[in-house]
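No hydrogens, no waters, no symmetry mates; every other heavy atom, side chains included, goes into these values.
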Amino acid sequence: MMIKIFVLIIGLLLVGLIFWWFFGKHKISTGESKVLENRQLATVIVNGGYNPAVLKLKQGIPTRLVFNRKDASSCLEHVVFSDFGIDKVLPLNKDVEISLDALKAGEYNYACGMNMFHGKIIVK
């Protein structure tokens with residue numbers, strides 16, 4: 001009888017964890033670019049997601065994004081910017097640069113190769 005109660009409690013805890021993971025409010029990290037010599041630079045660490053997950057860029061200035069993947073998960077091996085037709089492989093522990101022309105104001109989304117982890121660029 002005790003084993004059934006124990007299994008029930010563990011099952012309910014797992015269901016609660018799944019609901020929190022998919023439907024709970026999670027803190028989203030935000031970062032801004034640094035402007036150097038008429039070009040802006042932003043770095044994203046890929047480790048269980050994108051950090052920062054939201055990048056704020058300035059419009060009209062070319063951008064260099066640097067991604068560095070720390071997570072060995074195969075899902076995060078690629079970063080895909082569908083708005084720009086970019087699909088880059090992210091080797092583990094190496095900087096990968098993505099150059100973007102001067103962007104217009106707006107929001108641009110990106111995701112991992114499996115579309116499970118997401119990031120966003122906000123240009124103002």
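- Residues Ile10 and Ile18 fall into different hydrophobic clusters, defined by Ile, Leu, Val, Met, Phe, Trp and Tyr side chains chained together at heavy-atom separations under 4.5 Å.
- In Asn93, the CG atom is crowded: over 12 heavy atoms of neighbouring residues, nucleotides or ligands sit closer than 6.0 Å.
- Taking CD of Gln40 as the reference point, atom CG of Leu57 lies at 4.5 Å (rounded to 0.5 Å).
- With a 4.5 Å cut-off on side-chain heavy atoms, Val89 and His78 count as touching.
- Nearest heavy atom pair, residue Val96 against residue Lys88, reads CG1-CD, 4.3 Å.
- Rounded to the nearest 0.5 Å, atoms CG (Asn68) and CG (Leu92) are 8.5 Å apart.
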(Q) Set out, in order, the CA-CA distance, both residues' side-chain angles and the distance that settles side-chain contact (heavy atoms from CB on, under 4.5 Å) for Val79 and Ile98, then state yes or no. (A) CA-CA 10 Å; Val79 63; Ile98 297 174; 3.8 Å; yes
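- No continuous path of hydrophobic side-chain contacts links Val80 to Leu103 [ILVMFWY only; heavy atoms under 4.5 Å].
- Put simply, CG on Asn47 and CZ on Arg69 are 10.5 Å apart, with the number rounded to the nearest 0.5 Å.
- The minimum heavy-atom distance between Arg64 and Glu97, with the atom names listed, is CD-OE1, 3.2 Å.
- Side-chain heavy atoms closer than 4.5 Å link hydrophobic residues (I, L, V, M, F, W, Y) into clusters, and following such links, possibly through other members, connects Met116 to Phe67.
- Rounded to the nearest 0.5 angstrom, Phe81 CZ and Leu65 CG are separated by 5.0 Å.
- Considering CZ of Phe84 and CG of Leu100, their distance stands at 5.5 Å, rounded to 0.5 Å.
- The two residues Leu55 and Ala42 come nearest to each other via the heavy atoms CD2-CB, 3.9 Å.
- Summarising the geometry of Ala102 relative to Gly60, their closest heavy-atom pair is CB-C, 3.4 Å, with the distance given to 0.1 Å.
- Atom CD1 of Ile121 sits about 13.5 Å away from atom NZ of Lys56, to the nearest 0.5 Å.
- Phe117 and Val54 sit in two unconnected hydrophobic clusters of ILVMFWY residues. Membership requires side-chain heavy atoms under 4.5 Å apart, directly or through other members.
- Scanning for side chain to side chain donor-acceptor pair (under 3.5 Å) contacts around Glu107 gives Lys120, with sequence neighbours left out.
- Residues Leu17 and Val15 fall within the same hydrophobic cluster, defined by Ile, Leu, Val, Met, Phe, Trp and Tyr side chains chained together at heavy-atom separations under 4.5 Å.
- The minimum heavy-atom distance linking Lys58 with Val35 is given by the pair CD-CG2, 3.8 Å.
- In this structure Tyr50 satisfies the ring pair (Phe, Tyr, Trp, His ring centres under 6.0 Å) test together with Tyr110, sequence neighbours excluded.
- You'll find the side chain of Ile45 reaches within 4.5 Å of the side chain of Lys70, heavy atoms only.
- Sparse packing is recorded around CD1 of Ile3, with 12 or fewer heavy atoms of other residues, nucleotides or ligands lying under 6.0 Å away.
- For Asp71 (side chain) and Val46 (main-chain N/O), no donor-acceptor pair under 3.5 Å exists by modelled atom type.
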